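Have a look at the structure below before the remarks.
All values reported here derive from a predicted model rather than from experimental measurement.
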Amino acid sequence: MASSAVPRVSRVRRQLPTSPWPFAAPGLLIIGAFILYPFVSTLVNAFTDRRTLIPGEYVGLANFRELLGDDMFWIGLRNSTLYVVGVVPALVVLPLLLALLVQKNIPGITFFRSAFYTPVVASIVVVGLIWVWLLDERGLVNSLLETIGVGRVGFLSDQWLLLLSAMAVTVWKGLGYYMIIYLAALANVPRELHEAAAVDGAGAIRRFLTVTVPAVRSTMVLVGALSSVAAFKVFSEVYLMAGPSGGPAGEDTTLVMLVQRTGTGLTGRVGYASAISVVVFVVTVALMLLVLRADRKDES
C-alpha cells in the first residue's frame with residue numbers, strides 16, 4: 001500500500017502547474033480591467049478633447065490650462081481642501097478616544113461596539129437621506145430648535161453650514177471603522193507600560209499622552225493617510241445633501257462632483273473631466289506623501 005501510494009503522489013505533483021501565473025491570472029485580469037485600464041485611459045483622455053460620443057483629438061495641455069481659468073474648479077478645490085482640514089483631525093482623534101472607551105471587557109460592551117460600528121455598514125445613500133430628513137428646514141433638528149426658541153437654521157441652504165453638515169456625516173459614519181483599527185493597535189500596547197506609569201503617579205490624561213499616543217502613533221499616521229484620501233475624494237455625502245447642483249449656486253461642489261457633472265451625459269466633456277481626475281490623483285498622492293514624510297520626521 002505504501003509503495004503504491006508514493007507513485008500516485010508523484011503523479012499528482014507532476015500534474016499540478018509549477019508556475020504561479022495560472023493562480024494569479026484571475027486577480028491580474030480583474031486589476032487590469034477595472035484599475036489599470038481605467039487609470040491609463042484617464043491619463044490619455046486628459047490630453048484630448050474627447051466627448052461622450054466623440055473620440056476627440058490630442059490637444060496637449062489645453063484642458064489643464066482651461067482648469068486654471070475655471071471658477072468651478074477652484075471652488076471644487078477649495079471645498080475638497082476644506083473637507084480634508086475639517087474631517088481628518090476628527091477622524092484621527094475621536095475614534096481613538098472611542099476605542100479607549102470600548103476596549104475594556106465589561107458586561108454589555110459588545111452591544112456598544114456593535115452600535116458604534118453600525119453606521120459603517122449602513123448604506124451611504126440611506127445615511128444621507130436620514131441626515132437630510134433630520135437637518136431639513138422642516139426636519140426634526142429644526143423643529144426642536146424652534147421649540148426651544150432658537151429658531152430654524154438653514155443647515156442645507158447655507159453654503160458653509162451645508163459643508164459642515166456633510167463633514168459631520170462623514171465623521172459620524174467613519175468613527176466605527178477607524179475605531180476597529182485603533183482597537184487592534186491598542187490590543188498590542190503592553191499593559192506593563194500603563195502600570196509603570198500609574199506607579200509613577202501619572203494620571204489618566206498623562207498616561208494617554210505619554211503611553212497610548214506614542215504606542216499607536218503609526219496607526220494614527222495610517223488613519224490620517226486613509227482619511228485624507230477619502231476626504232479629498234468626497235462625493236456621496238455632499239451630493240446627497242447639496243443635490244446635483246452642489247448647493248446654493250454650486251458653491252458646495254467638490255472636485256469629484258465636478259468630474260461627475262462634467263464628464264457624464266450625452267454631451268459630457270470626458271477629456272476635461274479626465275484632466276480634473278488627474279489633478280485629484282496628484283493631490284491625493286501628495287497628501288499621502290506629506291503624511292508619511294511628517295511621520296518620518298517625527299521618528300528622526
Side-chain angles (χ1 to χ4, degrees), residues 31 34-48 59-96 160 163-164 166-167 169-171 173-174 177-178 181-182 213 216-239 246 250-263 269-300:
I31 293 174
F34 296 101
I35 297 179
L36 294 180
Y37 173 74
F39 177 75
V40 175
S41 178
T42 300
L43 286 178
V44 174
N45 290 332
F47 298 94
T48 68
V59 295
L61 298 175
N63 289 326
F64 295 95
R65 286 195 294 267
E66 184 178 350
L67 285 178
L68 298 178
D70 188 351
D71 292 337
M72 287 306 303
F73 168 75
W74 293 109
I75 290 174
L77 182 61
R78 178 200 66 192
N79 292 332
S80 297
T81 303
L82 289 175
Y83 219 88
V84 173
V85 174
V87 167
V88 173
L91 286 179
V92 170
V93 177
L94 294 181
L96 176 57
W160 301 112
L163 197 63
L164 290 174
M167 292 180 186
V169 174
T170 300
V171 172
K173 195 174 189 313
Y177 177 77
Y178 296 113
I181 296 178
Y182 278 126
V213 171
V216 300
R217 187 171 58 83
S218 60
T219 305
M220 296 177 71
V221 173
L222 172 64
V223 171
L226 294 176
S227 58
S228 296
V229 173
F232 193 80
K233 297 191 302 180
V234 65
F235 172 78
S236 300
E237 292 90 327
V238 181
Y239 184 85
E251 288 293 329
D252 291 296
T253 301
T254 64
L255 283 181
V256 178
M257 289 180 63
L258 187 60
V259 171
Q260 183 269 341
R261 186 189 309 167
T262 306
R269 300 181 60 191
V270 178
Y272 189 67
S274 298
I276 303 174
S277 300
V278 171
V279 174
V280 174
F281 171 75
V282 171
V283 174
T284 52
V285 171
L287 284 173
M288 295 189 67
L289 293 177
L290 286 174
V291 173
L292 294 177
R293 183 178 180 182
D295 178 50
R296 292 174 182 173
K297 186 176 180 180
D298 290 341
E299 289 180 351
S300 62

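Between the side chain of S41 and the backbone N or O of P38, no donor-acceptor pair lies under 3.5 Å. Put simply, the side chain of N79 never gets that close to the backbone of T254: no donor and acceptor are under 3.5 Å apart. Distance alone, capped at 3.5 Å, is enough to place a donor-acceptor pair between the Y182 side chain and the V92 backbone. Judged purely by atom type and a 3.5 angstrom limit, W74 has no side-chain atom pairing as donor or acceptor with the backbone of G69.
Atom OH of residue Y83 and atom CG of residue D252 lie 10.0 Å apart, to the nearest 0.5 angstrom. Distance check, rounded to the nearest 0.5 Å: CG of L222 to CE of M220 gives 11.5 Å.
For the residue pair V223 and L91, the shortest heavy atom distance occurs at CG1-O, 3.3 Å. Closest heavy-atom contact between S80 and L255: OG-N, 3.2 Å.
With sequence neighbours excluded, the residues forming a side chain to side chain donor-acceptor pair (under 3.5 Å) with R78 are E251, listed by chain and number.
Taking the side chain as every heavy atom from C-beta outward, T81 and F232 approach each other to under 4.5 Å. Under the 4.5 Å side-chain criterion, counting only non-hydrogen atoms from C-beta, M167 is not in contact with V234. L61 is listed as a side-chain neighbour of F47, based on a closest heavy-atom distance under 4.5 Å. Under the 4.5 Å side-chain criterion, counting only non-hydrogen atoms from C-beta, F235 is not in contact with V259.
Sorted by first and then second residue, the side-chain hydrogen bond (donor to acceptor under 3.5 Å, both in side chains) pairs involving residues 220-239 (not counting sequence neighbours) are T170-E237.
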Return all side-chain donor-acceptor pairs below 3.5 angstrom for residues 270-290, not counting sequence neighbours, or 'none' if the list is empty.
from : atom 1 : to   : atom 2 : distance (Å)
Y272 : OH     : D70  : OD2    : 2.5
S274 : OG     : V270 : O      : 2.7
S277 : OG     : A273 : O      : 3.0
T284 : OG1    : V280 : O      : 3.0
T284 : OG1    : F281 : O      : 2.7

